[in-house]
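Worksheet for the structure shown next.
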Amino acid sequence: QAAQLYVVFPRFPAMLRSFRLKEPQTFIDFPPPGESIRRLALGNREHLATMSRRDMEVGKELLKNRDVRPENLFLAKKTLQGCLTTASALSERPPFYAEAAARLAEATRALDDALRDQKFRIILAEQKQDIEQAYWESVKLSQMIPDKTSDTYQFAAKRVDFYSKRREQ
């Protein structure tokens with residue numbers, strides 16, 4: 001048996017290198033249902049399904065209105081994650097589960113693109129030594145991520161603090 005494994009194993013890396021995906025894989029991250037959600041699923045499935053459907057509708061609306069407020073993409077992502085978390089606690093997936101997953105992937109990509117673009121704007125303003133523009137671009141970035149524990153928010157907050165002091169000089 002050991003000799004058979006030796007013969008098969010050297011081919012495995014070559015097989016992995018030849019494996020190609022037609023489309024890039026999308027990683028959708030949402031937390032597993034907590035104990036309270038699992039209990040609710042056991043007792044009142046209809047209420048949980050209604051909560052999940054409501055989160056789906058709110059997430060879609062926030063995604064549609066992404067340009068209205070800077071934090072809408074972040075909130076859309078969080079709401080859709082909540083939708084999938086509650087939906088995954090149900091014994092069977094609701095009919096809107098696939099759409100919620102697709103919307104979450106869309107919100108995640110859009111948020112990542114918007115954050116990357118906003119960071120680029122800050123760096124560009126810094127390179128131009130335009131303190132006023134760098135300050136306001138940093139403020140906008142901090143508004144895009146209302147989670148104060150986020151690395152992106154911390155990055156923006158440091159820039160806002162730095163440029164607010166430089167504006168006063």
Side-chain angles (χ1 to χ4, degrees), residues 12-13 15-125 134-160:
F12 188 68
M15 289 170 39
L16 288 178
R17 281 192 298 271
S18 68
F19 184 69
R20 299 275 189 259
L21 296 173
K22 292 183 180 181
E23 296 178 17
Q25 287 184 314
T26 303
F27 178 71
I28 300 173
D29 185 27
F30 61 92
E35 184 63 31
S36 61
I37 293 176
R38 285 194 299 257
R39 277 194 211 130
L40 188 58
L42 291 174
N44 194 348
R45 290 185 188 146
E46 290 303 316
H47 179 64
L48 192 62
T50 302
M51 284 175 43
S52 186
R53 185 180 315 281
R54 186 197 67 225
D55 283 349
M56 166 72 169
E57 295 304 320
V58 170
K60 281 172 48 177
E61 193 65 28
L62 286 166
L63 190 56
K64 186 171 85 174
N65 296 317
R66 67 181 78 179
D67 296 327
V68 174
R69 296 182 68 189
E71 67 272 16
N72 277 1
L73 278 175
F74 177 83
L75 296 175
K77 179 181 173 184
K78 289 297 180 189
T79 305
L80 290 165
Q81 284 175 334
C83 168
L84 290 175
T85 298
T86 55
S88 65
L90 297 168
S91 56
E92 61 182 53
R93 289 184 174 172
F96 57 85
Y97 189 89
E99 183 184 359
R103 298 287 183 178
L104 176 57
E106 178 185 352
T108 301
R109 280 191 303 272
L111 179 62
D112 290 346
D113 291 346
L115 293 176
R116 190 173 26 259
D117 182 57
Q118 196 60 32
K119 285 179 183 178
F120 175 76
R121 290 171 187 254
I122 293 169
I123 293 168
L124 187 63
Y135 171 79
W136 288 111
E137 298 294 351
S138 299
V139 167
K140 183 175 179 184
L141 181 61
S142 69
Q143 291 171 346
M144 291 171 78
I145 303 287
D147 177 12
K148 294 182 179 177
T149 61
S150 165
D151 292 338
T152 302
Y153 181 88
Q154 295 298 319
F155 170 83
K158 286 177 185 175
R159 293 289 200 280
V160 168

* Asked: Between Arg53 and Glu57, does at least one N-O distance fall below 4.0 Å, as a salt bridge requires?
  ->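 Here Arg53 does not pair with Glu57 in a salt bridge, since their nearest N and O are not under 4.0 Å apart.
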
* **Asp112 and Arg109 ion-paired at < 4.0 Å** =>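 Answer for the salt bridge query: no.
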
With side chains defined as the heavy atoms from C-beta onward, is the minimum distance between [X] and [Y] less than 4.5 Å?
X      : Y      : result
Glu71  : Ile145 : no
Met144 : Leu73  : no
Ser150 : Phe74  : no
Tyr135 : Ser138 : no

Heavy-atom pair of closest approach, residues [X] and [Y]:
X      : Y      : result
Phe155 : Lys119 : CE2-CG, 4.0 Å
Leu63  : Arg103 : CD2-O, 3.9 Å
Val139 : Val160 : N-CG2, 3.6 Å

* For the pair Thr79 (side chain) and Ala76 (backbone), establish whether a donor and an acceptor sit closer than 3.5 Å, ignoring hydrogens and angles. =>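 The answer is no, because no donor-acceptor pair under 3.5 Å joins these two groups.
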
* Atom CG in Asp55, atom OG1 in Thr86: separation rounded to 0.5 Å? ->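 So the CG of Asp55 and the OG1 of Thr86 are separated by 5.5 Å.
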
* For Lys64, check salt bridge (charged side-chain N to carboxylate O under 4.0 Å, His left out) against everything at least two apart and list the hits. =>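 Lys64: salt bridge (charged side-chain N to carboxylate O under 4.0 Å, His left out) contacts with Glu61.
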
* Asked: Above 12 or not: heavy atoms from other molecules or residues under 6.0 Å from CG of Asp151?
  ->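 Not more than 12 within 6.0 Å, no.
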
